[in-house]
Amino acid sequence: MVVDDNLDAATMLSELVRCMGATVEVAYDGLQALATMQAFHPRIVFLDIGMPGMNGFELARRIRADAANAGAFLVSVSGWNDAGTKALALEAGIDLHMGKPISMELIRATMVHCEG
């Protein structure tokens, strides 16, 4: 699953993941992501940190609190790539933080890691 308020970023990342053979759902904010996850239980969620309304940290906390989706591998994708942001991501329950722009190789490696 891809969650990003930037339509272009969400489209590009979701198409990359789809080209790697995964089924992908896209949400453009945290509330839409939570609603989508009630029917689509992703193994990996690529989520933006800097979204309006509910940011990626709060979304991660809510995903972790939902028994049906708590086991998803959460990847924060953000232009903020400093040590403080990485620490906040870990505190929120995010498994991996990637600074934008992210490479196709890193996306592929993450997907392979989650398949096994």
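Residues near Leu90 contribute nothing to a hydrophobic cluster around it, because no ILVMFWY side-chain heavy atom sits closer than 4.5 Å to its side chain.
Side-chain atoms of Asp4 and Phe46, non-hydrogen and from C-beta on, never get closer than 4.5 Å to each other. Leu31 places a side-chain heavy atom less than 4.5 Å from the side chain of Arg62. Counting only heavy atoms from C-beta outward, the side chains of Thr11 and Val26 never approach each other to under 4.5 Å.
Linking ILVMFWY residues whenever their side-chain heavy atoms come closer than 4.5 Å, directly or via other members, leaves Ile107 and Val45 in distinct clusters. Residues Met20 and Leu96 share a hydrophobic cluster, clusters being chains of Ile/Leu/Val/Met/Phe/Trp/Tyr side chains in contact below 4.5 Å. Hydrophobic clustering places Leu59 together with Leu88 (ILVMFWY residues linked when any side-chain heavy atoms are closer than 4.5 Å, directly or through intermediates). Residues Ile44 and Ile102 fall within the same hydrophobic cluster, defined by Ile, Leu, Val, Met, Phe, Trp and Tyr side chains chained together at heavy-atom separations under 4.5 Å. Phe73 and Val77 fall within a single hydrophobic cluster, where Ile, Leu, Val, Met, Phe, Trp and Tyr are joined by side-chain heavy atoms under 4.5 Å apart, directly or via other members.
Looking at residues two or more places apart in sequence or on another chain, you find a salt bridge (charged side-chain N to carboxylate O under 4.0 Å, His left out) between Asp95 and Arg64. Not counting sequence neighbours, the partners of Asn69 by the side chain to side chain donor-acceptor pair (under 3.5 Å) test are His41, Asp66.
Atom-to-atom distance recorded for Arg43:CZ and Glu115:CD is 6.0 Å, nearest 0.5 angstrom. Summarising the geometry, atom CE belonging to Met98 is positioned 11.5 Å from atom NZ belonging to Lys86; distances are rounded to the nearest 0.5 Å. To the nearest 0.5 angstrom, Met51 atom CE is 10.5 Å from Glu58 atom CD.
The residues Arg108 and Glu105 are annotated as not salt-bridged, no charged nitrogen and carboxylate oxygen being separated by less than 4.0 angstrom.
In this structure a side-chain-to-backbone donor-acceptor pair under 3.5 Å is present from Gln32 to Tyr28. Of the possible polar contacts, one joining the His97 side chain to the Trp80 backbone as a donor-acceptor pair under 3.5 Å is found.
Among Leu13, Ile49, Asp48, Asn6, the one residue that satisfies the side chain to side chain contact (heavy atoms under 4.5 Å, CB included) test with Lys100 is Asp48.
Shown here for Val3 and Ala33, the closest heavy-atom pair between the two residues is CG2-CB, 3.7 Å. Of all heavy-atom pairs between Glu15 and Arg18, the closest is OE2-NH1, 2.7 Å.
In the model, Asp82 has a side-chain atom that pairs as donor or acceptor with a side-chain atom of Thr85 under 3.5 Å.
Summarising the local packing, CE of Met12 is surrounded by 12 or fewer heavy atoms from other residues, nucleotides or ligands at distances under 6.0 Å.
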